[in-house]
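This chain uses plain numbering: 1 for the first residue, then up along the sequence.
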Amino acid sequence: MSATGKIMKIAILVLYAGLSAGCFGTSGKNNTAGTGSDRPDGDRQFPVRYSYEVVAVFPHEVTSYTQGLYWHDGYLWEGTGQYRQSALLQVDLETGEAVRRVDLDPGYFGEGIALLDGKIYQLTWLEGTGLVYDAETLRQVDTFEYSGQGWGLTTDGRMLYMSNGSHEIAVIDPANFNRKRTMRVSLDKRRLSQINELEWIDGRIWANIYGADQIAIINPANGIVEGIVDLTGILPDEDRTIRTDVLNGIAYDADAGRIFVTGKNWPKLFEIRLVER
């Protein structure tokens, strides 16, 4: 999502107002939370609010306009955007450098990525075209079409989940790319739009909210936001320049229980731990 055409100032102002107006439930606890395995049960009010602790900091390529992020087989995989700059990258965590790279056609603005059954799926923003790669060779093996914009993408290991910047997340059958159903995301019984990059963590969808320093934790069965992670201040002011863009990018190392976050043109990537307020 480029700065031109995607920044909806009024919507973002309303969003910030909602996120800071005390519309969140409280749990009565103050424990350190992990990845969601200690999720709120039926006796707790939603959404639960989380802050964070930084566990580790890693370098991130500042030229990468991060659109999609996931962890697989010891590497970060990153989809980047901007026309004539979009790419699919296999990234070394410790150095932040790409060990393999596939550049998209200059007419594509790359978006979210997901790995499913040995294939990598990558969305494009306005082009209505998804790209499919063999995960081993990174050779493009297929394309698929969709209507509307493409923003974030993730998977539960069976279906693909796709956002378009609205309050809706489409559930897509990867066998034929048909839409199986549409999930409508709600926060405190109100629509939550600007849903961006997605990651499947512990049975929930984690979603960046475009233009905000918050991540929504969404129940995929009903679209209800069960948690809000406030990452305000995670990138220090001294690391920000005129090129620094919004928070975007969530990856989960399921084997080690590690959560990573970064942003568009950020110089750093962070491993975080949630702290319940």
Side-chain angles (χ1 to χ4, degrees), residues 1-8 60-72 75-91 96 98 100-116 119-133 135 138 140 143-144 146 148-155 160-166 169-170 172 193-200 205-216 231 235 243-252 259-270:
M1 288 55 66
S2 65
T4 303
K6 279 200 171 181
I7 295 180
M8 304 176 183
H60 181 253
E61 178 53 62
V62 74
T63 60
S64 290
Y65 192 79
T66 307
Q67 303 287 73
L69 198 68
Y70 68 81
W71 175 269
H72 175 68
Y75 289 94
L76 282 167
W77 293 79
E78 186 168 9
T80 68
Q82 302 289 17
Y83 291 112
R84 296 182 175 84
Q85 299 177 36
S86 297
L88 172 67
L89 309 173
Q90 182 182 6
V91 179
R100 287 198 290 173
R101 177 187 180 104
V102 177
D103 291 310
L104 274 61
D105 182 281
Y108 285 145
F109 192 116
E111 289 283 349
I113 58 173
L115 172 69
L116 178 61
K119 296 178 180 178
I120 299 172
Y121 298 83
Q122 185 170 25
L123 301 176
T124 58
W125 177 26
L126 301 176
E127 291 68 55
T129 300
L131 310 175
V132 186
Y133 308 88
L138 300 190
Q140 186 179 323
T143 62
F144 60 98
Y146 50 87
Q149 298 184 17
W151 286 39
L153 194 66
T154 193
T155 179
L160 295 169
Y161 293 75
M162 170 181 162
S163 66
N164 63 8
S166 71
I169 296 175
I172 307 293
S193 63
Q194 302 292 86
I195 300 299
N196 199 359
E197 211 269 316
L198 307 176
E199 179 74 3
W200 188 274
I205 297 173
W206 289 40
N208 284 118
I209 305 166
Y210 183 70
D213 288 330
Q214 282 84 20
I215 292 173
L231 294 175
L235 183 67
R243 295 187 60 188
T244 305
D245 212 305
V246 298
L247 176 79
N248 201 53
I250 310 165
Y252 180 49
I259 301 170
F260 304 101
V261 297
T262 189
K264 303 172 187 285
N265 301 130
W266 283 23
K268 293 178 179 177
L269 177 139
F270 302 89

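Ring geometry for Phe144 against Tyr146 counts as tilted: the plane angle lies between 30° and 60°, on a 0 to 90° scale. Using the six-membered ring where Trp is involved, Phe109 and Tyr65 have ring planes that are perpendicular, over 60° apart on the 30 and 60° scheme.
Residues passing the side chain to side chain donor-acceptor pair (under 3.5 Å) test with Tyr108, sequence neighbours excluded: none. Remark: Phe260 engages Trp71 in a ring pair (Phe, Tyr, Trp, His ring centres under 6.0 Å) (not counting sequence neighbours). Partners of Tyr83 under the side chain to side chain donor-acceptor pair (under 3.5 Å) rule, at least two apart in sequence or in another chain, are Glu127. In this structure, Arg100 has no salt bridge (Lys or Arg N to Asp or Glu O under 4.0 Å) partners at least two apart in sequence or on a different chain. With sequence neighbours left out, Ser166 forms a side chain to side chain donor-acceptor pair (under 3.5 Å) with Asn164. Not counting sequence neighbours, Arg84 has no partner by the side chain to side chain donor-acceptor pair (under 3.5 Å) test.
The two atoms that bring Ala135 and Trp77 nearest to each other are O-CH2, 4.3 Å, heavy atoms only. When all heavy atoms are compared, the tightest approach of Gly110 to Leu104 is CA-CD2, 3.8 Å. Across all their heavy atoms, Ala207 and Ile195 have their closest contact at CB-CG2, 3.9 Å. Closest approach of Leu160 and Ala114 over heavy atoms only: CD2-CB, 4.2 Å. Nearest approach of Ile113 to Gly68, heavy atoms of both residues: CG1-C, 3.8 Å. The heavy-atom pair separating Ile209 from Ser193 by the smallest distance is CG2-O, 4.0 Å.
Checked by atom type and distance alone, the side chain of Ser163 never pairs as donor or acceptor with a backbone atom of Ile169 at under 3.5 Å. One N or O on the side chain of Thr80 and one on the backbone of Ala87 form a donor-acceptor pair closer than 3.5 Å. Remark: side-chain polar atoms of Gln67 are not paired, donor with acceptor, to backbone N or O of Gly81 under 3.5 angstrom. The main-chain N or O of Leu269 is never found under 3.5 Å from a side-chain atom of His60 such that the two would form a donor-acceptor pair. The main-chain N or O of Leu69 is found under 3.5 Å from a side-chain atom of Glu197 such that the two form a donor-acceptor pair. When atom types are taken as modelled, the side chain of Gln90 and the backbone of Tyr75 share no donor-acceptor pair closer than 3.5 angstrom.
The shortest distance between side-chain heavy atoms of Leu88 and Arg101 does not fall below 4.5 Å. Side-chain contact between Phe270 and Leu231: absent, with no pair of heavy atoms (C-beta onward) separated by less than 4.5 Å. In this structure, Leu153 and Glu111 have side chains that are not in contact, with every pair of non-hydrogen atoms separated by 4.5 Å or more.
The distance between the ring centers of Trp151 and Tyr210 falls below 6.0 angstrom.
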side-chain contact (heavy atoms from CB on, under 4.5 Å) between Trp200 and Ile205, intermediate numbers included: CA-CA 5 Å; Trp200 188 274; Ile205 297 173; 3.7 Å; yes

Residue pair Trp266, Val261: steps toward the side-chain contact (heavy atoms from CB on, under 4.5 Å) verdict: CA-CA 10 Å; Trp266 283 23; Val261 297; 5.9 Å; no

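Atom CZ of Arg243 and atom OG1 of Thr63 lie 6.5 Å apart (nearest 0.5 Å). If you take CG on Leu247 and CD on Gln214, they are separated by 8.5 Å, rounding to the nearest 0.5 Å. Here the CG-OH distance, from Leu198 to Tyr161, works out to 11.0 Å after rounding to the nearest 0.5 Å. Put simply, CG on Leu131 and CD on Gln122 are 5.5 Å apart, with the number rounded to the nearest 0.5 Å. Distance check: Asn265 CG to Ser64 OG gives 8.0 Å after rounding to the nearest 0.5 Å. The distance from the OG1 atom of Thr155 to the CG atom of Leu115 is 8.5 Å, given to the nearest 0.5 Å.
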